[in-house]
Chemist: 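Before we start, here is the structure in question, set down as structure tokens.
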Amino acid sequence: MTFPSSPGNYLNPDDDELEGFKSRLNEQLAPASHISSPSDWDIADTLAQWWRPNFETFMYPFLPAHVTRPKECKKLYMLQLPANKVLSVPKNMKLLAVPLFELYDNTARYGPQLSALPHLLSRYNFEFVDEKGEVVAVTPGGGPFE
């Protein structure tokens with residue numbers, strides 16, 4: 001079984017999942033001049049995983065009971081970018097910021113996995129922190145917690 005880590009990139013079955021994912025992130029998004037270790041990436045949580053039981057295009061959010069050897073498992077992680085990390089997007093790729101309200105219920109444009117992101121992120125409260133380390137806003141809700 002292989003685990004995709006980024007578009008067009010897979011981990012070998014014997015690789016450690018999180019360490020392999022961090023290494024692929026460094027390979028894809030760290031500039032060649034910037035030496036960084038895989039431990040710089042803070043992987044917070046696994047948001048979802050989808051299973052491809054055979055060679056069809058549809059992926060299931062569960063492993064069907066009759067499948068003993070799935071062809072693919074795709075996982076979606078939430079990670080926090082460290083302050084000291086320098087990102088570099090390869091020339092053959094494009095970094096695109098898409099607001100969550102555009103992803104919501106837009107399966108036709110973004111596919112079932114990306115359009116599920118607002119649902120998957122709805123269980124989290126996000127805190128926005130300033131340079132001093134103080135919480136300045138919280139979503140959902142607005143102001144910082146007391």
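Please read these numbers as outputs of a predicted model, since none were measured by experiment. Computation of the quantities below employed the complete heavy-atom set of this structure, encompassing side-chain atoms and omitting hydrogens, waters and symmetry-equivalent molecules.
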Chemist: Name all residues meeting the side chain to side chain contact (heavy atoms under 4.5 Å, CB included) criterion together with D15; count only those two or more places apart in sequence or in a different chain, and write none if there are none.
Modeler: L11, N12, R24
Chemist: Hey, are the side chains of V67 and W51 touching, using non-hydrogen atoms and a 4.5 Å cut-off?
Modeler: no
Chemist: What's the shortest heavy-atom distance between M59 and W50, and which atoms?
Modeler: CE-O, 3.5 Å
Chemist: Minimum heavy-atom separation for W41 to K22, with atom names?
Modeler: O-CE, 3.5 Å
Chemist: From E17 CD over to I43 CD1, what is the distance, rounded to the nearest 0.5 angstrom?
Modeler: 8.5 Å
Chemist: Between OH of Y77 and CD of Q49, what distance do you get to the nearest 0.5 Å?
Modeler: 8.0 Å
Chemist: Mind checking the CG-CG spacing from N106 to L114? Nearest 0.5 Å is all I need.
Modeler: 10.5 Å
Chemist: Mark yes when over 12 heavy atoms from residues, nucleotides or ligands other than R69 sit less than 6.0 Å from its CZ; otherwise mark no.
Modeler: no
Chemist: Applying side chain to side chain contact (heavy atoms under 4.5 Å, CB included), can you list everything that pairs with Y124, at least two apart in sequence or on another chain?
Modeler: D45, L47, M78, L121, F126
Chemist: Among the clusters formed by ILVMFWY side chains lying less than 4.5 Å apart, do L96 and L76 turn up in the same one?
Modeler: yes
Chemist: For the residue pair H119 and Y104, what are the closest heavy atoms and their distance?
Modeler: NE2-CE1, 3.4 Å
Chemist: So, the side chain of R52 versus the backbone of T57: is there a donor-acceptor pair under 3.5 Å, distance only?
Modeler: yes
Chemist: Mind listing the closest non-hydrogen atom pair of P118 and S115 along with its distance?
Modeler: CD-O, 3.4 Å
Chemist: Can you find a pair of side-chain heavy atoms, one from L117 and one from Y110, that are under 4.5 Å apart?
Modeler: no
Chemist: For the residue pair N54 and E56, what are the closest heavy atoms and their distance?
Modeler: OD1-CG, 2.9 Å
Chemist: Minimum heavy-atom separation for V138 to E127, with atom names?
Modeler: CG2-CG, 4.2 Å
Chemist: I'd like to check the side chain to side chain contact (heavy atoms under 4.5 Å, CB included) partners of F62; sequence neighbours left out, ordered by chain and number.
Modeler: Y60, P64
Chemist: If you round to the nearest 0.5 Å, how far is CG of L100 from CG of L120?
Modeler: 10.5 Å
